[in-house]
Amino acid sequence: METTNVKAYGTVSVDAPLKQMDIQRRNITAKDIEIEILYCGVCHSDLHTARNDWGFTTYPAVPGHEIVGKVTKVGNDVTKLKVGDFAAVGCMVDSCQTCDNCKQDLEQYCSTGFTGTYNSADKHLGGMTLGGYSEKIVVDEHFVLKVPANLDLAATAPLLCAGITTWSPLRYWKVGKGSKVAVVGLGGLGHMAIKLAKGLGAEVTLFSRSLNKEKDALELGADAVIISTDENQMNAVNGKFDLIIDTVPYVHDVNPYVGTLNTNGTLVLVGYLGGLEPILNTVPMIMGRKSVAGSLIGGIAETQEMLDFCGEHNIVSEIEVIKMQDINEAYERMLKSDVRYRFVIDMASLKS
């Protein structure tokens with residue numbers, strides 16, 4: 001397959017900083033769309049992959065799966081978008097599209113495994129997929145999304161991961177007017193969970209360990225803030241919530257939150273992969289038919305639904321725009337939670 005050389009930023013080993021490199025993109029086929037990347041959000045998954053925190057990174061690695069850009073070429077059979085349109089790509093660039101889950105628009109749960117935007121087996125070129133820290137990307141049109149014209153492009157980028165990761169459980173558990181939703185953690189995921197739940201008409205509460213998050217949470221749309229280390233405040237919301245979205249990206253005790261679920265309530269983990277410590281206490285679950293669940297991004301149709309909803313309600317992420325050359329510093333700041341609330345790379349800086 002013919003390819004084109006493009007600039008990118010990536011890393012060649014677990015302890016190497018990200019730096020400029022050249023990568024190959026396939027030339028478009030009949031169903032492909034080529035996108036000039038204008039902005040790319042910076043996700044915790046990018047950092048985890050670059051530093052092999054999950055143990056399965058293949059190098060060289062080029063992260064980035066919150067991509068917004070402009071269509072520059074389309075294949076002969078493409079009908080979804082045309083040259084000049086603004087487009088987006090999220091966490092997936094392929095799936096089998098034939099299994100039961102794919103047929104139900106649940107490509108994120110593809111029975112054979114979806115192809116991630118980076119660090120997945122590349123079905124076209126061999127090797128591994130390379131992500132959005134680059135000048136351009138070529139993607140099958142099924143996995144390309146339309147961007148509502150009224151949305152700020154840079155602030156839209158994090159919707160492709162942080163947005164859909166919180167939207168999907170809100171929709172699955174049928175959050176709407178009158179629902180009582182709580183969010184654990186106010187970061188990239190948490191701030192989007194607040195905005196989207198409020199947009200759907202829910203009463204929204206933030207659980208936080210930090211007293212200094214209250215002002216931000218209320219400005220983002222939360223109705224209340226509960227300090228999770230305050231026993232009296234926790235007791236006051238015992239049995240209250242229909243749904244809790246837990247966005248914390250590291251091991252933590254979820255047991256205190258389970259008690260704040262109402263009968264039939266669900267706590268859904270979207271930020272952490274791994275074993276729970278301390279061990280999950282099943283007593284309140286059994287005594288109240290309460291659930292602890294997990295959720296992974298969303299399918300393509302659901303992601304488009306989320307983008308359209310955000311367009312209708314003018315919902316975007318709170319961002320800090322950075323240059324591509326500042327990515328290593330941004331990673332260090334992410335580890336300190338020193339960002340409000342998502343870094344977004346202006347990819348024009350890659351050309352300078």
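Along the sequence shown, residues are numbered consecutively beginning with 1.
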Do [X] and [Y] have a side chain donor and acceptor closer than 3.5 Å?
X	Y	value
D346	S349	no
T3	Q24	yes
N27	T4	yes
H252	E277	no
E36	T72	no

With clusters defined by side-chain heavy atoms of hydrophobic residues (ILVMFWY) lying less than 4.5 Å apart, directly or transitively, does [Y] cluster with [X]?
X	Y	result
I244	L280	yes
Y39	V71	yes
L160	V339	yes
M234	L186	no

Tell me, yes or no, whether the heavy-atom count around [X] atom [atom1], taken from other residues, nucleotides or ligands under 6.0 Å, exceeds 12.
X	atom1	result
D100	CG	no
K80	NZ	yes
K70	NZ	no
M287	CE	no
K123	NZ	yes
Y272	OH	yes
R289	CZ	no
K7	NZ	yes

Under 4.0 Å between a side-chain nitrogen and a carboxylate oxygen: does that hold for E320 and R342?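 Result for this pair is no, no salt bridge flagged.
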Please identify which of these residues, I67, V138, I33, meets the side-chain contact (heavy atoms from CB on, under 4.5 Å) condition with V89.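 When I67, V138, I33 are each tested with V89, the side-chain contact (heavy atoms from CB on, under 4.5 Å) holds only for I67.
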Exactly one of T165, V204, V268 should register a side-chain contact (heavy atoms from CB on, under 4.5 Å) with I245. Which one does?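 Looking at T165, V204, V268, the match for I245 under the side-chain contact (heavy atoms from CB on, under 4.5 Å) is V268.
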Test E203 against K240 for salt bridge (Lys or Arg N to Asp or Glu O under 4.0 Å), laying out the working first. CA-CA 11 Å; E203 176 187 324; K240 175 175 180 177; 2.9 Å; yes
Is there a side-chain hydrogen bond (donor to acceptor under 3.5 Å, both in side chains) between T57 and R51 once you walk through the steps? CA-CA 8 Å; T57 301; R51 300 186 175 180; over 6 Å; no
To check you understand the geometry: which heavy-atom pair defines the closest contact between S317 and P158, and what is its length?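 Shortest heavy-atom separation between S317 and P158 comes out as OG-CB, 3.2 Å.
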Would the distance check show the side chain of [X] and the main-chain N or O of [Y] forming a donor-acceptor pair, the cut-off being under 3.5 Å?
X	Y	answer
N101	D105	no
T11	A16	yes
R26	E2	no
T260	G239	no

Give a yes or no on whether the ring-centroid distance for F207 and F241 is below 6.0 angstrom.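 Yes, close enough.
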Any idea how Y133 and Y331 line up, ring-wise: parallel (<30°), tilted (30 to 60°), or perpendicular (>60°)?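 Geometry flag for Y331 against Y133: tilted rings.
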